[in-house]
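What you see is a predicted model, and the numbers here were worked out from it, not measured in a lab. We're numbering straight along the sequence, starting at 1.
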Amino acid sequence: MTEHGPVSSLAEAAAVRGIMPADIVKTLVVRRADDDYLFVLVPGDREISWPKLRALLGVSRLSMPDAGTAKAATGYERGTITPFGSSTRWPVVVDATIPGRRVSMGSGRHGVALGVAADDLVRVFEAQVADISEPQAP
(Lines give C-alpha, C1' and ligand atoms only; values in the text may rest on other atoms or scores of the structure.)
Protein backbone atom coordinates (compact mmCIF):
# COMPACT_ATOMS: atom_id res chain seq x y z
CA MET A 1 0.00 0.00 0.00
CA THR A 2 1.25 3.48 -0.86
CA GLU A 3 -0.18 6.63 0.72
CA HIS A 4 0.29 10.01 -0.92
CA GLY A 5 -1.44 13.36 -1.17
CA PRO A 6 -3.75 14.45 -3.96
CA VAL A 7 -2.45 14.08 -7.52
CA SER A 8 -3.75 15.73 -10.67
CA SER A 9 -2.38 13.51 -13.44
CA LEU A 10 -1.22 10.02 -14.29
CA ALA A 11 2.39 11.23 -14.50
CA GLU A 12 2.16 12.80 -11.06
CA ALA A 13 0.59 9.66 -9.58
CA ALA A 14 3.36 7.51 -11.08
CA ALA A 15 6.05 9.86 -9.78
CA VAL A 16 4.78 9.84 -6.18
CA ARG A 17 4.44 6.05 -6.29
CA GLY A 18 7.92 5.64 -7.80
CA ILE A 19 6.70 3.66 -10.81
CA MET A 20 6.08 4.09 -14.54
CA PRO A 21 2.64 5.27 -15.74
CA ALA A 22 2.13 1.91 -17.47
CA ASP A 23 2.32 0.22 -14.04
CA ILE A 24 -0.72 2.10 -12.76
CA VAL A 25 -3.88 0.18 -13.56
CA LYS A 26 -7.07 2.14 -14.11
CA THR A 27 -10.25 0.43 -12.95
CA LEU A 28 -13.11 1.57 -15.17
CA VAL A 29 -16.79 0.78 -14.62
CA VAL A 30 -18.55 -0.17 -17.85
CA ARG A 31 -22.30 -0.63 -18.22
CA ARG A 32 -23.66 -3.41 -20.46
CA ALA A 33 -27.30 -2.83 -19.55
CA ASP A 34 -29.38 -1.45 -16.69
CA ASP A 35 -27.90 -2.80 -13.45
CA ASP A 36 -25.33 -4.85 -15.39
CA TYR A 37 -21.79 -3.56 -14.98
CA LEU A 38 -18.25 -4.86 -15.17
CA PHE A 39 -14.82 -3.68 -14.13
CA VAL A 40 -12.36 -3.14 -16.96
CA LEU A 41 -8.70 -2.86 -15.98
CA VAL A 42 -6.27 -1.15 -18.35
CA PRO A 43 -2.76 0.22 -17.87
CA GLY A 44 -2.48 3.94 -17.19
CA ASP A 45 -0.83 4.63 -20.55
CA ARG A 46 -3.55 2.83 -22.54
CA GLU A 47 -7.29 3.23 -23.08
CA ILE A 48 -10.20 0.91 -23.72
CA SER A 49 -10.63 -0.16 -27.32
CA TRP A 50 -14.42 -0.06 -27.48
CA PRO A 51 -14.65 -2.21 -30.63
CA LYS A 52 -12.45 -4.91 -29.05
CA LEU A 53 -14.39 -4.85 -25.77
CA ARG A 54 -17.78 -4.98 -27.52
CA ALA A 55 -16.59 -7.94 -29.63
CA LEU A 56 -15.25 -9.76 -26.56
CA LEU A 57 -18.54 -9.30 -24.68
CA GLY A 58 -20.73 -9.98 -27.72
CA VAL A 59 -22.67 -6.73 -27.40
CA SER A 60 -23.28 -3.85 -29.75
CA ARG A 61 -23.39 -1.11 -27.11
CA LEU A 62 -21.49 -0.28 -23.93
CA SER A 63 -21.29 2.90 -21.92
CA MET A 64 -19.56 4.41 -18.93
CA PRO A 65 -21.91 5.53 -16.18
CA ASP A 66 -21.74 9.00 -14.68
CA ALA A 67 -19.89 9.43 -11.38
CA GLY A 68 -23.01 9.04 -9.23
CA THR A 69 -24.14 5.86 -10.96
CA ALA A 70 -20.62 4.40 -10.78
CA LYS A 71 -20.54 5.09 -7.03
CA ALA A 72 -23.97 3.49 -6.57
CA ALA A 73 -22.83 0.40 -8.52
CA THR A 74 -19.48 -0.02 -6.75
CA GLY A 75 -19.57 1.92 -3.48
CA TYR A 76 -16.54 3.95 -4.62
CA GLU A 77 -15.99 7.47 -5.91
CA ARG A 78 -14.28 7.98 -9.25
CA GLY A 79 -10.54 8.01 -8.81
CA THR A 80 -10.74 5.37 -6.07
CA ILE A 81 -12.65 2.58 -7.86
CA THR A 82 -11.31 -0.93 -7.39
CA PRO A 83 -12.85 -4.39 -7.66
CA PHE A 84 -11.55 -5.07 -4.12
CA GLY A 85 -14.43 -4.64 -1.67
CA SER A 86 -16.90 -3.37 -4.25
CA SER A 87 -20.49 -3.32 -3.06
CA THR A 88 -21.29 -5.83 -5.84
CA ARG A 89 -18.92 -8.43 -7.27
CA TRP A 90 -19.10 -7.45 -10.91
CA PRO A 91 -17.17 -9.42 -13.57
CA VAL A 92 -13.60 -8.24 -14.20
CA VAL A 93 -11.90 -7.97 -17.59
CA VAL A 94 -8.14 -7.39 -17.52
CA ASP A 95 -6.19 -6.11 -20.49
CA ALA A 96 -3.73 -8.68 -21.84
CA THR A 97 -0.77 -6.34 -21.20
CA ILE A 98 -1.26 -6.47 -17.40
CA PRO A 99 -0.55 -10.07 -16.28
CA GLY A 100 2.98 -11.10 -15.38
CA ARG A 101 3.98 -7.97 -13.49
CA ARG A 102 3.37 -5.96 -10.34
CA VAL A 103 0.92 -3.06 -10.68
CA SER A 104 -0.49 -0.22 -8.60
CA MET A 105 -4.21 0.46 -8.48
CA GLY A 106 -6.93 2.25 -6.57
CA SER A 107 -7.74 1.15 -3.04
CA GLY A 108 -11.15 2.68 -2.52
CA ARG A 109 -9.70 5.82 -0.86
CA HIS A 110 -8.20 8.94 -2.38
CA GLY A 111 -4.43 9.11 -1.94
CA VAL A 112 -4.00 5.41 -1.21
CA ALA A 113 -2.85 2.88 -3.81
CA LEU A 114 -2.52 -0.89 -3.64
CA GLY A 115 0.50 -2.69 -5.05
CA VAL A 116 -0.54 -6.11 -6.32
CA ALA A 117 0.82 -8.95 -8.42
CA ALA A 118 -1.33 -8.82 -11.53
CA ASP A 119 -1.48 -12.61 -11.76
CA ASP A 120 -2.99 -12.72 -8.25
CA LEU A 121 -5.50 -10.07 -9.29
CA VAL A 122 -6.58 -12.21 -12.25
CA ARG A 123 -6.83 -15.33 -10.08
CA VAL A 124 -8.73 -13.76 -7.18
CA PHE A 125 -11.36 -12.17 -9.41
CA GLU A 126 -11.46 -15.03 -11.93
CA ALA A 127 -10.90 -12.25 -14.44
CA GLN A 128 -11.10 -12.65 -18.15
CA VAL A 129 -7.82 -11.60 -19.76
CA ALA A 130 -8.07 -10.22 -23.30
CA ASP A 131 -6.64 -7.70 -25.73
CA ILE A 132 -9.05 -4.82 -25.02
CA SER A 133 -6.87 -1.72 -25.11
CA GLU A 134 -4.89 0.51 -27.41
CA PRO A 135 -2.21 3.14 -26.79
CA GLN A 136 -3.61 6.40 -25.51
CA ALA A 137 -3.95 9.08 -28.14
CA PRO A 138 -1.24 11.74 -27.74
Side-chain angles (χ1 to χ4, degrees):
M1 183 166 65
T2 303
E3 292 190 50
H4 55 77
V7 295
S8 59
S9 69
L10 173 65
E12 188 178 349
V16 299
R17 295 178 195 181
I19 59 176
M20 300 298 297
D23 293 327
I24 293 180
V25 170
K26 299 180 285 192
T27 302
L28 305 166
V29 179
V30 174
R31 179 180 15 223
R32 285 189 279 201
D34 288 345
D35 294 323
D36 183 15
Y37 300 90
L38 62 140
F39 292 109
V40 177
L41 280 57
V42 296
D45 64 344
R46 299 182 67 85
E47 59 190 27
I48 293 174
S49 167
W50 293 103
K52 289 178 183 180
L53 186 57
R54 285 192 303 268
L56 176 73
L57 299 173
V59 298
S60 60
R61 187 167 189 270
L62 294 167
S63 64
M64 291 186 66
D66 63 40
T69 304
K71 184 174 182 183
T74 66
Y76 296 121
E77 294 178 14
R78 276 213 181 130
T80 70
I81 294 174
T82 179
F84 292 104
S86 174
S87 58
T88 301
R89 187 177 168 126
W90 301 110
V92 177
V93 177
V94 173
D95 185 66
T97 63
I98 293 175
R101 55 197 179 111
R102 188 158 182 82
V103 297
S104 178
M105 61 189 299
S107 68
R109 288 186 22 220
H110 289 287
V112 180
L114 297 175
V116 296
D119 293 344
D120 289 342
L121 181 70
V122 170
R123 182 182 47 76
V124 165
F125 290 105
E126 299 174 346
Q128 184 172 8
V129 177
D131 175 12
I132 52 146
S133 75
E134 54 195 26
Q136 243 173 347

Please check: side-chain N/O of [X] versus main-chain N/O of [Y], any donor-acceptor pairing under 3.5 Å?
X: Trp90; Y: Ala73; answer: yes
X: Lys26; Y: Arg46; answer: yes
X: Ser107; Y: Val112; answer: yes

Sorted by chain and residue number, the side chain to side chain donor-acceptor pair (under 3.5 Å) partners of Thr97 (sequence neighbours excluded) come out as Asp95

Who passes side chain to side chain donor-acceptor pair (under 3.5 Å) against Asp34, sequence neighbours left out?
-> none

Search all heavy atoms of [X] against all heavy atoms of [Y] and return the closest pair with its distance.
X: Leu114; Y: Gly106; result: CD1-O, 3.8 Å
X: Pro99; Y: Ala118; result: CA-CB, 3.9 Å
X: Pro91; Y: Arg32; result: CG-NH2, 3.6 Å
X: Ala72; Y: Ser87; result: O-OG, 4.1 Å
X: Pro43; Y: Ala22; result: CB-O, 3.5 Å

So if you build clusters from Ile, Leu, Val, Met, Phe, Trp, Tyr with side-chain heavy-atom gaps below 4.5 Å, do [X] and [Y] land together?
X: Leu62; Y: Phe39; value: no
X: Ile98; Y: Phe125; value: yes
X: Val93; Y: Val122; value: no

Should Gln136 and Pro21 count as side-chain neighbours, where that means a heavy-atom distance under 4.5 Å?
-> no

Pairwise side-chain contact, Met64 with Trp50, heavy-atom cut-off 4.5 Å (strictly under) | yes

Could you pull out all residues at least two apart from Tyr76 that satisfy ring pair (Phe, Tyr, Trp, His ring centres under 6.0 Å)?
-> none

Would you mind listing every salt bridge (Lys or Arg N to Asp or Glu O under 4.0 Å) that reaches into residues 48-57, with sequence neighbours excluded?
-> Lys52-Asp131

Pairs in or reaching into residues 111-128: which pass salt bridge (Lys or Arg N to Asp or Glu O under 4.0 Å), with residues at least two apart or in two chains?
-> Asp120-Arg123

Scan residues 62-73 for pairs that pass side-chain hydrogen bond (donor to acceptor under 3.5 Å, both in side chains), counting only residues two or more places apart or in two chains.
->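 Matches after skipping sequence neighbours: Arg31-Ser63, Asp66-Thr69.
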
Inter- and intrachain pairs under side-chain hydrogen bond (donor to acceptor under 3.5 Å, both in side chains), touching residues 1-18, at least two apart = His4-Arg17, Ser8-Glu12, Arg17-Ser104

Output, in order, the C-alpha distance, side-chain angles, deciding distance and verdict of side chain to side chain contact (heavy atoms under 4.5 Å, CB included) for Leu41 and Leu121.
-> CA-CA 10 Å; Leu41 280 57; Leu121 181 70; 3.4 Å; yes

Which other residues belong to the hydrophobic cluster containing Val7, where Ile, Leu, Val, Met, Phe, Trp and Tyr are joined when side-chain heavy atoms lie under 4.5 Å apart, directly or via other members?
->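 Direct or chained contacts put Val7 with Val16.
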
Shared-cluster residues of Ile19, by chain and number - hydrophobic side chains joined below 4.5 Å = Leu10, Ile24

How would you list, by chain and number, every residue that makes a salt bridge (charged side-chain N to carboxylate O under 4.0 Å, His left out) with Arg89, sequence neighbours excluded?
-> none

Can you sort out the partners of Asp23 under salt bridge (charged side-chain N to carboxylate O under 4.0 Å, His left out), two or more places apart, ordered by chain and number?
->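 Asp23 satisfies salt bridge (charged side-chain N to carboxylate O under 4.0 Å, His left out) with Arg101 once adjacent residues are dropped.
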
With respect to Leu57, which candidate in Ile132, Val40, Leu38, Val30 satisfies the side-chain contact (heavy atoms from CB on, under 4.5 Å) definition?
->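 Going through the options one by one, the only one that passes is Leu38.
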
Chi angles and distances behind the side chain to side chain contact (heavy atoms under 4.5 Å, CB included) call for Thr74, Tyr37 | CA-CA 9 Å; Thr74 66; Tyr37 300 90; over 6 Å; no

What ring pair (Phe, Tyr, Trp, His ring centres under 6.0 Å) pairs are there with at least one residue in residues 94-115, not counting sequence neighbours?
->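 As it turns out, there is no ring pair (Phe, Tyr, Trp, His ring centres under 6.0 Å) pair with a partner in residues 94-115 once direct neighbours are skipped.
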
